[in-house]
Each structure stands twice: as structure tokens, then as C-alpha cells.
Amino acid sequence: MSSSATRAAGNESGNEAVKDTGKDTGNDQASGPVVREAVAGSPLRRRAGRLARPALAVLSGVLLYLSFPPRPLWWVAPFALALLGGCLYGRRARAGFGLGVLHGLGFLLPLLVWTGEGVGPVPWLALVTLESLLIGLTTLGIALVSRLPAWPLWGAAVWIAGEALRARAPFGGFSWGKLAFGQPDGVFLPLAALGGTPLLSFAVALCGFGLYEVVRVGADTRRATAALLAATAVAAPLAGALAARPLVSDAAEDGTVTAAVIQGNVPRAGFDFNAQRRQVLDNHANRTIQLAEDIKLGKVKKPDFVVWPENSSDIDPYAEPDAYAVIDNAVKTIGVPVAIGSVLAPETGPLRNTMILWDPVKGPVDTYDKRKIQPFGERIPMRSLVRLFSSDVDRVQRDFGPGKEPGVFDMAGSGVGMVTCYEAAFDDAVRSTVRAGAQVLAVPSNNATFGRTEMTYQQLAMDRVRAVEHSRTVLVPVTSGVSAVIRPDGEIVQQTKMFTADALVAEIPLRSTETPATRFGPLAEYLLLAVAAGGLGWTLARRMRRTP
């Protein structure tokens, strides 16, 4: 058999020459003698060839960043993953790792620039570098499984394994940048109700890698099976999302209530936002009293309950009588239960980031302590070491400690689940709150630290995905904006402007139905992790068979 016939047979079976030898040609089947001779004869072309993939890996990361809110460009994400898939296809593990790090830098440097707001570039660059290294581990695995038949399936599952790792380690994980969180306006969104954020991310990755595979094999009529699998990788997520559409509903199963969220605003943005803690508290109390006046004048309907933001009272009302009196007066004036975001400072032990349920007659009657404590924000791991790089760690003089139980407040007969700020990024924190009886979710937040950056919009996108995932209205009171009311179908029906005192009052549906994502929790993620393990195991077995 001639060498050209051998290559054709190898192409038909899906086992290209690069797969059989394990060698990294660097040009993915551009193996014709004319091409090899041209490349070999041109140092400039060789240099351009070496730089092309790294440049495209960075570009894929930038495109993925552009697909995230506040830009409504969700559809760019699959194309970004297609470009990344083209960079990784057929590459060795080492090249896959390096290309993934470059992709991570292109993606996360602009996405997470807000983490350096007020404290300089060191924390931002350190976080981005760490997360990019973890993405590099992910793409290392994708490069390995790219040599398998139907590789988009295995590659997308490995991507989910990488997201699962980043959501858990180190220091409890950092979930920002999940593909799912860039899709609140996308066609894939209903899949969140079926399998949570892992399935939604998987759909984006599978579609993206499938798009590259369609381009790679689509023109080769001798590879009908491979082309069919590639087309299926693109079509299956779209079909799945369409099939999951009936799971998305904003019907009022348990009736409706009128809820209000208060945005009191802060004296200044940045890390010194709470330098005038009493002013922040007064702002929220005064805006609540103003809402009561608006109700008397018939401008708005009286709410059944009110939610204040996280850190709306950084003065411990249990320890400071003046703060207690200010809150109690505001709650009595509005005349309905209010959830207050406060910082509690016990005599010993860590601080507590606490939501307090305040009754207009009985005063404080229930509390919820935030369970997911932000590392290097609310607590400082390895403080003495980190101080060598940034003295800003000493702004957090006393670490916060985590709560243990989900918090669902009985507010005028409605189960209102508290998911405080950073917790919205974690699947288990939100799901456990719904499972504990929440008919409505509240995500009280404090984004004043990060000024007018995109952080607040990124978090709002998370809240929209969570609304669909668990089929619950999500109330988002924020100290400085953007506060919002999100329906169970992910639609924002009301929102505030940034750094503007305001109040939102809306009639919202109460729901108790559990979506499959709520009921089965991490099952979809575990299944996808098993697929990833299967792909990597298959790759290892193939390599062992080739080893003499």
C-alpha cells in the first residue's frame, strides 16, 4: 500500500498518523510533502507557525471574556471554545498545558481585573495566574483525549472536571468564570434546570469543540462517521436545551407576595466604603423610611417583607444600642419583617457575616451566618506569607468564620432563603438553601468594594442562572447597585442604577417545585466526571498498548 493510501485509511478510521506515533507535528495533518518542504525552507514561516497557536490560544480566551456580561454576546462562547479546541487538537500534554495557561490569561486577566480594585495589581495577578494554571491542567487533559474518536465529548467532560476542581480548590475554590455564568441570555440556559451549572457549561463546551470538529472533518467525504459525530456534538446541546424548556416556568404555584429590596448607597466606593459605617446604616434606614412614606402616599404597594443588602449595618446591633435603635425604628416604620445584613463581633472567636430577620414587633428573631467565606477578602489564609507581597491583608484585621446551616427566614409566611453574595457562585450553597424550604431566594450583596467595575454584572448573571436552575425568584439587594428582581425564568423585571439610593417593590411568584437540578444536585457533575475519567483512562490504555 502506498504512503498516501495508508494515510487515507488512517484518516477514515479516525486514527491519524499523529495519533499513531504520539508525535506533535505542530500543524495538524498539514503533512503533505509540499507543505513540509515549504515550512522547512522558510525560517520566517516556522517562526510564525510556532507563534500562531499561542496567539490563537490567547485570542480564544479574550473571545470567551467578551461573551460574558454585561455584554449580551453569549453566542461568542462556543466559537471561543472552537478556537481553543483547534489549538489543542492532537497536541502533546505539555503543549496542551501551556496553551491552556495562555487561554486562561487571555480570559481571566480582563474578567477578574476588579479583584485589584483599591488594592493594586498583586492580588489580581496572583489570582489570575493560579486560576490559569488550573485551566492549563484542564487543557492538558483535553489535548490528551483529543486523539480519541468523538473527542469533543471527552474534551467537554474534561472541561467540566476542570471547572469542578476550580470550584473546590485551593482555599475552598473560586467559581468565577464558569462557562455557565456567561449564559443568562443564551439558548442553552434551560439546561441549568435539568443538570445545574455543570450541564450548562458542558453544553457550551461540547458545542464549541463540535464546531471545530465540523470544520476539521466536514470537507472530507471519506470521514462520514466522524462528520456525523461532529455535527451531533453541535446539535445535541441545542436539542437538549429545547427539550428542557418546559422546566423553565415563573407560574405562581403557591400564590404571590409583594417584596421590596433596599439599596441605600454608600458614602464612597472602594475598600473604604465602610469607613463611615454609621452613614451606611443610616442610608438604608432612611431609604426604608422613605419607602414607608411612599406607601402612605399611594405611590407603591406595601410589601409583605423587605430585604436589605449584605453589610447594610456593619455595626453590630446586638452590641451597639444606637445601631439597634436605628434599625428597629426603620422596621417599625415600614411595619413588615426586614432582613438586615450585619457584621456581628463576638467577644471571642471570628467575626460573623450575618443576616438578621427583624420583626416590627418582636425585634431580631432569627439569623443566618454566611457559610462560604471569601479567602483573601473575609479571611486571610497564610497571613504572614501573604503580607510579604501585599500589606493590604491587614485591612482584614480579624477573620470571619463560616456558618453551618442554610438560612430560610419565615417572612410573612413565605420561605425566603438567604444566599449571601459570594455564595451565589457555589452550587451546593444555593441548592441546600432551596432544599431547606426556600420559595424565594435573596442574594444580599455588597459590591461597593469594587466600584463601577463589571463585577456586579458578573454576579447578577450568576443570580439569573440560579433563578432558572432552581425555578425561584431571586431578590438582589446591593449596597451600591445593581440591585434587581429576577423572575424564575431568569428575566430581570426591575433593577437600580449603581451608586443611587433606591427601593424596588415587585409582586413575585412563590414556588415550591424542585427542578431536576435541585432534586439531584451534583449527579450531573459526577456523571460528567466519570466520562472525563473514562476518556483519560482510554487514552492511557492506548498509550500503554503502543509501548513496547
Side-chain angles (χ1 to χ4, degrees), residues 180-181 183-185 189-197 199-200 244-261 303-307 310 337 339 355 357 368 371-372 406-445 459-478 483-495 504-522 524:
F181 295 147
Q183 297 294 308
D185 294 305
L189 182 60
L191 289 169
L194 181 62
T197 60
L199 185 60
L200 179 52
R245 189 65 185 84
L247 296 174
V248 181
S249 172
D250 63 355
E253 296 176 327
D254 304 322
T256 63
V257 293
T258 301
V261 299
D304 295 292
F305 59 84
V306 177
V307 187
E310 176 190 35
M355 294 300 297
L357 175 57
Y368 166 68
R371 290 173 290 161
K372 298 287 186 180
V408 179
F409 290 163
D410 182 350
M411 303 185 74
S414 303
V416 183
M418 298 291 129
V419 180
T420 306
C421 195
Y422 183 62
E423 294 182 315
F426 294 89
D427 296 348
D428 58 333
V430 184
R431 175 178 178 260
S432 62
T433 304
V434 178
R435 294 280 287 176
Q439 298 169 292
V440 176
L441 289 171
V443 186
S445 302
Q459 191 172 52
L460 192 61
M462 292 181 191
D463 299 334
R464 294 180 63 192
V465 172
R466 297 304 185 191
V468 173
E469 181 180 14
H470 298 290
S471 196
R472 296 293 187 271
T473 294
V474 178
L475 305 173
V476 188
V478 185
S483 299
V485 177
I486 304 170
R487 302 278 289 190
D489 60 0
E491 180 187 0
I492 298 176
V493 292
Q494 291 189 42
Q495 70 180 68
L504 303 178
V505 180
E507 185 176 3
I508 60 173
L510 297 176
R511 293 182 58 82
S512 55
T513 293
E514 291 187 350
T515 64
T518 307
R519 188 176 305 115
F520 299 112

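All figures in this text were calculated on a predicted structure; none of them were measured in a lab.
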- Task: Quick one: do S483 and V476 satisfy side chain to side chain contact (heavy atoms under 4.5 Å, CB included)? Show the steps, please.
- Result: CA-CA 5 Å; S483 299; V476 188; 5.6 Å; no
- Message: For a side chain to side chain contact (heavy atoms under 4.5 Å, CB included) check, start with the C-alpha distance between V430 and H470, then their side-chain angles and the critical distance, and finish with the verdict.
- Response: CA-CA 9 Å; V430 184; H470 298 290; 3.5 Å; yes
- Of all heavy-atom pairs linking P337 and A412, the shortest is CG-N, 4.1 Å
- Which atoms form the tightest heavy-atom contact between A461 and F181, and what is the distance? CB-O, 3.5 Å
- Between the main-chain N or O of A251 and the side-chain N or O of S249, is there a donor-acceptor pair closer than 3.5 Å? yes
- Taking all atoms of both residues into account, what is the closest heavy-atom pair of R431 and G521, and its distance? NE-CA, 3.1 Å
- Message: Determine whether a donor-acceptor pair (N or O, by modelled atom type, separation under 3.5 Å) exists between the side chain of R371 and the backbone of A429.
- Response: yes
- Does a side chain donor of either E310 or T420 reach within less than 3.5 Å of an acceptor in the other side chain? no
- Message: List the residues meeting side-chain hydrogen bond (donor to acceptor under 3.5 Å, both in side chains) with Q495, not counting sequence neighbours, and say none if there are none.
- Response: none
- Note on the structure: CD1 (I492) and CG (D463) are apart, to the nearest 0.5 Å, by 8.5 Å
- Item | Any residue meeting side chain to side chain contact (heavy atoms under 4.5 Å, CB included) with A425, in chain and number order, not counting sequence neighbours | S175, W176, M462
- Task: Tell me, yes or no, whether the heavy-atom count around R245 atom CZ, taken from other residues, nucleotides or ligands under 6.0 Å, exceeds 12.
- Result: no
- Considering only heavy atoms from C-beta outward, does the side chain of V306 approach that of V261 to under 4.5 Å? no
- Is there a donor-acceptor contact under 3.5 Å from the side chain of R466 to the main chain of A424? yes
- For S471, which residues count as a side chain to side chain contact (heavy atoms under 4.5 Å, CB included) partner, sequence neighbours excluded? P488, R511, T515
- Query: Is there a donor-acceptor contact under 3.5 Å from the side chain of S445 to the main chain of V443?
  - Reply: yes
- Message: Between R472 and V440 (side chain of the first, backbone of the second, donor and acceptor by atom type, cut-off under 3.5 Å), is there such a pair?
- Response: no
- Task: Compare all side-chain heavy atoms of F426 with those of T197 and state whether any distance is below 4.5 angstrom.
- Result: no
- Message: For the backbone of V505 and the side chain of Q494, can you confirm whether one donor and one acceptor N or O come within less than 3.5 Å of each other?
- Response: yes
- Calculate, to the nearest 0.5 Å, the distance between atoms CZ and CG belonging to R435 and D428 respectively. 13.5 Å
- Note on the structure: Shortest non-hydrogen pair, L200 vs A192, comes out as CD2-CB, 4.1 Å
- Task: Kindly compute the distance separating OG1 (T433) from CE (M418), expressed to the nearest 0.5 Å.
- Result: 9.5 Å
- Report yes if the side chains of V485 and I508 come closer than 4.5 Å at any heavy-atom pair, otherwise no. yes
- Query: Do side-chain atoms of E507 reach the backbone of T256 as a donor and acceptor pair under 3.5 angstrom?
  - Reply: no
- May I ask you to test the I486-L460 pair for a side-chain heavy-atom distance under 4.5 Å? yes
- Message: Between Q439 (side chain only) and L510 (backbone N and O only), is there a donor and an acceptor less than 3.5 Å apart?
- Response: no
- Nearest heavy-atom approach of R464 to P184 is NH2-O, 3.5 Å
- Item | Stacked cation flag K372 on Y422, 6.0 angstrom / 45 deg | no
- Query: Where is the tightest heavy-atom contact between F409 and Y368, given as atom of each residue plus distance?
  - Reply: CZ-N, 3.8 Å
- Nearest-0.5 Å distance, CG of residue L247 to CG of residue L194: 6.0 Å
- Task: Determine yes or no for a side-chain-to-main-chain donor-acceptor pair under 3.5 angstrom, with D304 supplying the side chain and V257 the backbone.
- Result: no
- Item | Nearest-0.5 Å distance that lies between atom CG in L357 and atom CG in D410 | 8.0 Å
